[in-house]
Asks: 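Right, I'll just put the structure down here and ask away after.
None of the values given here were measured: they were computed from a predicted structure. Counting starts at 1 for both ligands and their atoms, following the listed order.
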Amino acid sequence: MLILASQSPRRVELLQRITKDFEVEPAQIDERALPISAPATYVQTLAQAKGRAVSDLHPEATVIAADTMVAYQDDLLGKPQDEAAAFAMLKALSGKTHHVHTGVFVHKPDGTEKLQVVTTAVEFWPLSDDEIKQYLACGEYQDKAGAYGIQGQGALLIKGIVGDYYNVMGLPISTLARML
Ligand SMILES: Cc1cn([C@H]2C[C@H](O)[C@@H](COP(=O)(O)OP(=O)(O)OP(=O)(O)O)O2)c(=O)[nH]c1=O
């Protein structure tokens, strides 16, 4: 049996490109309980914690979990608390290149675990306050790390990327397919 330990609709959609034969069981973990470390390490720690929360309940299954963070300079940008926080995130990212890190965890029925991180560089156009406000008004920022969705209207903010597009959405499926 294959279980996706996620409530992210994007992750469900992306995993379906690998297989449609899986179940969804979101992991209930307190992300604040984990020590914050370097971004590429932190997303792996979170992905592992989410995955183990489910694989402990289903040791016989293959369990997949992931965690996506936006890193800019020393800041780790998760999902914005509110519109003001989202505005501040996008203002900081405007005209600059930031990195999106997704940690991916796979638990196999034989008990072995795999953990990887994939990083994509994303360059934003310079954004005026009005452009940011116009983007926030579409509301898609609310459940997105870094307050934007590359797969939606957020595409209009992005000048270019270096690396895996799907990694920015939340699941680097070509890497995951090779981990399974
Ligand atoms: C940067 C970016 C993030 N995202 C989303 C992917 C993730 O759903 C979310 C990052 O938050 P996560 O905490 O990684 O994931 P989640 O809480 O949505 O779901 P779960 O923990 O149950 O797996 O941001 C996009 O959809 N598009 C983007 O361009």
Side-chain angles (χ1 to χ4, degrees), residues 2-18 22-34 36-37 39-55 57 63-72 75-81 85-86 88-90 92-94 96-107 115-125 127 132 135-136 138-173 175-176:
L2 178 59
I3 301 174
L4 174 61
S6 173
Q7 54 80 32
S8 167
R10 270 86 45 189
R11 292 195 170 117
V12 172
E13 175 205 333
L14 290 175
L15 182 55
Q16 286 172 342
R17 302 199 192 184
I18 297 176
F22 64 92
E23 296 179 13
V24 175
E25 184 168 328
Q28 309 301 336
I29 63 157
D30 178 359
E31 299 191 8
R32 291 161 303 177
L34 295 162
I36 294 188
S37 53
T41 306
Y42 189 52
V43 291
Q44 291 183 79
T45 306
L46 283 171
Q48 185 177 65
K50 292 178 190 178
R52 284 180 174 172
V54 174
S55 62
L57 303 173
V63 178
I64 298 169
D67 191 79
T68 301
M69 281 272 178
V70 167
Y72 175 61
D75 286 337
L76 257 184
L77 308 180
K79 290 178 275 188
Q81 297 295 327
M89 285 184 182
L90 296 177
L93 298 178
S94 167
K96 305 283 193 338
T97 294
H98 62 273
H99 291 84
V100 180
H101 304 279
T102 296
V104 183
F105 168 88
V106 175
H107 166 274
L115 195 55
Q116 286 201 35
V117 62
V118 179
T119 299
T120 305
V122 178
E123 182 183 5
F124 267 25
W125 288 103
L127 303 174
I132 294 173
Y135 175 66
L136 294 177
C138 83
E140 77 178 20
Y141 70 84
Q142 287 167 30
D143 62 344
K144 309 274 190 317
Y148 74 92
I150 192 171
Q151 68 275 24
Q153 293 292 100
L156 303 180
L157 311 178
I158 295 167
K159 188 170 184 180
I161 70 170
V162 176
D164 185 326
Y165 168 91
Y166 298 102
N167 182 59
V168 182
M169 264 184 83
L171 201 63
I173 46 178
T175 296
L176 173 59

Asks: Tell me which protein heavy atom sits closest to atom 15 (O) of ligand 1, plus the residue, atom name and distance to 0.1 Å.
Replies: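 Result: Arg11 NH1, 2.8 Å.
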
Asks: Measure across Gly170 and Ala66 and return the closest heavy-atom pair with its distance rounded to 0.1 Å.
Replies: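 Closest approach of Gly170 to Ala66: O-CB, 3.9 Å.
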
Asks: Which residue and atom name correspond to the protein heavy atom nearest atom 6 (C) of ligand 1, and how close is it?
Replies: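 Protein heavy atom at minimum distance: Met169 O, 3.1 Å.
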
Asks: Which heavy atom of the protein is the closest neighbour of atom 16 (P) of ligand 1, given with residue, atom name and distance?
Replies: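 That would be Gln7 NE2, 3.3 Å.
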
Asks: Which protein non-hydrogen atom lies closest to atom 25 (C) of ligand 1, naming both residue and atom, and how far is it?
Replies: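 Here the nearest protein heavy atom works out to Lys144 CD, 3.3 Å.
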
Asks: Could you tell me the residue and atom name of the protein heavy atom closest to atom 24 (O) of ligand 1, and the distance to it rounded to 0.1 Å?
Replies: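 For atom 24 (O) of ligand 1, the nearest protein heavy atom is Ala145 N, 3.0 Å.
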
Asks: Applying the side chain to side chain contact (heavy atoms under 4.5 Å, CB included) test to Leu77, which of Leu93, Val100, Leu90 qualifies?
Replies: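 Among Leu93, Val100, Leu90, the one meeting side chain to side chain contact (heavy atoms under 4.5 Å, CB included) with Leu77 is Leu93.
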
Asks: For a side chain to side chain donor-acceptor pair (under 3.5 Å) check, start with the C-alpha distance between Tyr135 and Glu140, then their side-chain angles and the critical distance, and finish with the verdict.
Replies: CA-CA 8 Å; Tyr135 175 66; Glu140 77 178 20; 2.5 Å; yes

Asks: Is the closest side-chain heavy-atom distance between Ile150 and Met169 below 4.5 Å?
Replies: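 Sidechains of Met169 and Ile150: in contact.
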
Asks: Can you spot which of Gln16, Arg11, Arg17 makes a side chain to side chain contact (heavy atoms under 4.5 Å, CB included) with Leu14?
Replies: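 For Leu14, the side chain to side chain contact (heavy atoms under 4.5 Å, CB included) test succeeds with only one of Gln16, Arg11, Arg17, which is Arg17.
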
Asks: From the options Phe124, Trp125, Tyr141, select the one residue that forms a ring-ring contact (aromatic ring centres under 6.0 Å, His included) with Tyr148.
Replies: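 Going through Phe124, Trp125, Tyr141 one by one, the ring-ring contact (aromatic ring centres under 6.0 Å, His included) with Tyr148 is satisfied by Phe124 alone.
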
Asks: Give me the nearest non-hydrogen protein atom to atom 2 (C) of ligand 1 as residue plus atom name, then the distance to 0.1 Å.
Replies: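 Nearest neighbour among protein heavy atoms for atom 2 (C) of ligand 1, to 0.1 Å: Val168 O, 3.1 Å.
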
Asks: Which atoms of ligand 1 are found less than 4.0 Å from any heavy atom of Lys79?
Replies: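 Every atom of ligand 1 under 4.0 Å from some heavy atom of Lys79: 11 (O), 13 (O), 16 (P), 17 (O), 18 (O).
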
Asks: Can you name the atoms of ligand 1, numbered from 1 with element, that are less than 4.0 Å from a heavy atom of Gly149?
Replies: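 In order of numbering, the contacting atoms are 27 (N), 28 (C), 29 (O).
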
Asks: Kindly give the heavy-atom pair with the smallest separation between Val54 and Ala5, and that separation in Å.
Replies: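 In terms of heavy atoms, the two residues are closest at CG2-CB, 3.5 Å.
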
Asks: As an exercise, identify every atom of ligand 1 less than 4.0 angstrom from a heavy atom of Ile150.
Replies: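 Those atoms are 27 (N), 28 (C), 29 (O).
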
Asks: Compare all side-chain heavy atoms of Val24 with those of Leu15 and state whether any distance is below 4.5 angstrom.
Replies: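 Answer no - side chains too far apart.
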
Asks: Numbering the atoms of ligand 1 from 1, which are under 4.0 Å from a heavy atom of Lys50?
Replies: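 So the atoms of ligand 1 that pass are 12 (P), 13 (O), 14 (O), 15 (O), 20 (P), 21 (O), 23 (O).
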
Asks: Looking only at N/O atoms, are Arg10 and ligand 1 under 3.5 Å apart anywhere?
Replies: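 Yes; at least one N/O pair falls below 3.5 Å.
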
Asks: Specify the protein heavy atom at minimum distance from atom 13 (O) of ligand 1: its residue, its atom name, and the distance to 0.1 Å.
Replies: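 Checked against all protein heavy atoms, atom 13 (O) of ligand 1 sits closest to Asp67 OD1, 3.4 Å.
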
Asks: Using 0.5 Å steps for rounding, measure from the CD atom of Glu13 to the OH atom of Tyr166.
Replies: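 It comes to 9.0 Å.
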
Asks: Please find the pair of heavy atoms, one from Val43 and one from His101, that lie closest to each other, and give the distance.
Replies: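 What the structure gives for the nearest pair is CG1-O, 3.6 Å.
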
Asks: In terms of atom number and element, which parts of ligand 1 are under 4.0 angstrom from non-hydrogen atoms of Gln151?
Replies: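 With Gln151 as reference, the close atoms of ligand 1 come out as 25 (C), 26 (O), 27 (N), 28 (C), 29 (O).
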
Asks: Could you tell me whether Ser6 approaches ligand 1 through its side chain, its backbone, both or neither, with non-hydrogen atoms closer than 4.0 Å?
Replies: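 Both of them.
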
Asks: So which heavy atom in the protein is nearest atom 9 (C) of ligand 1, and how far is it from that ligand atom?
Replies: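 Answer, as residue, atom name and distance: Asp143 O, 3.6 Å.
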
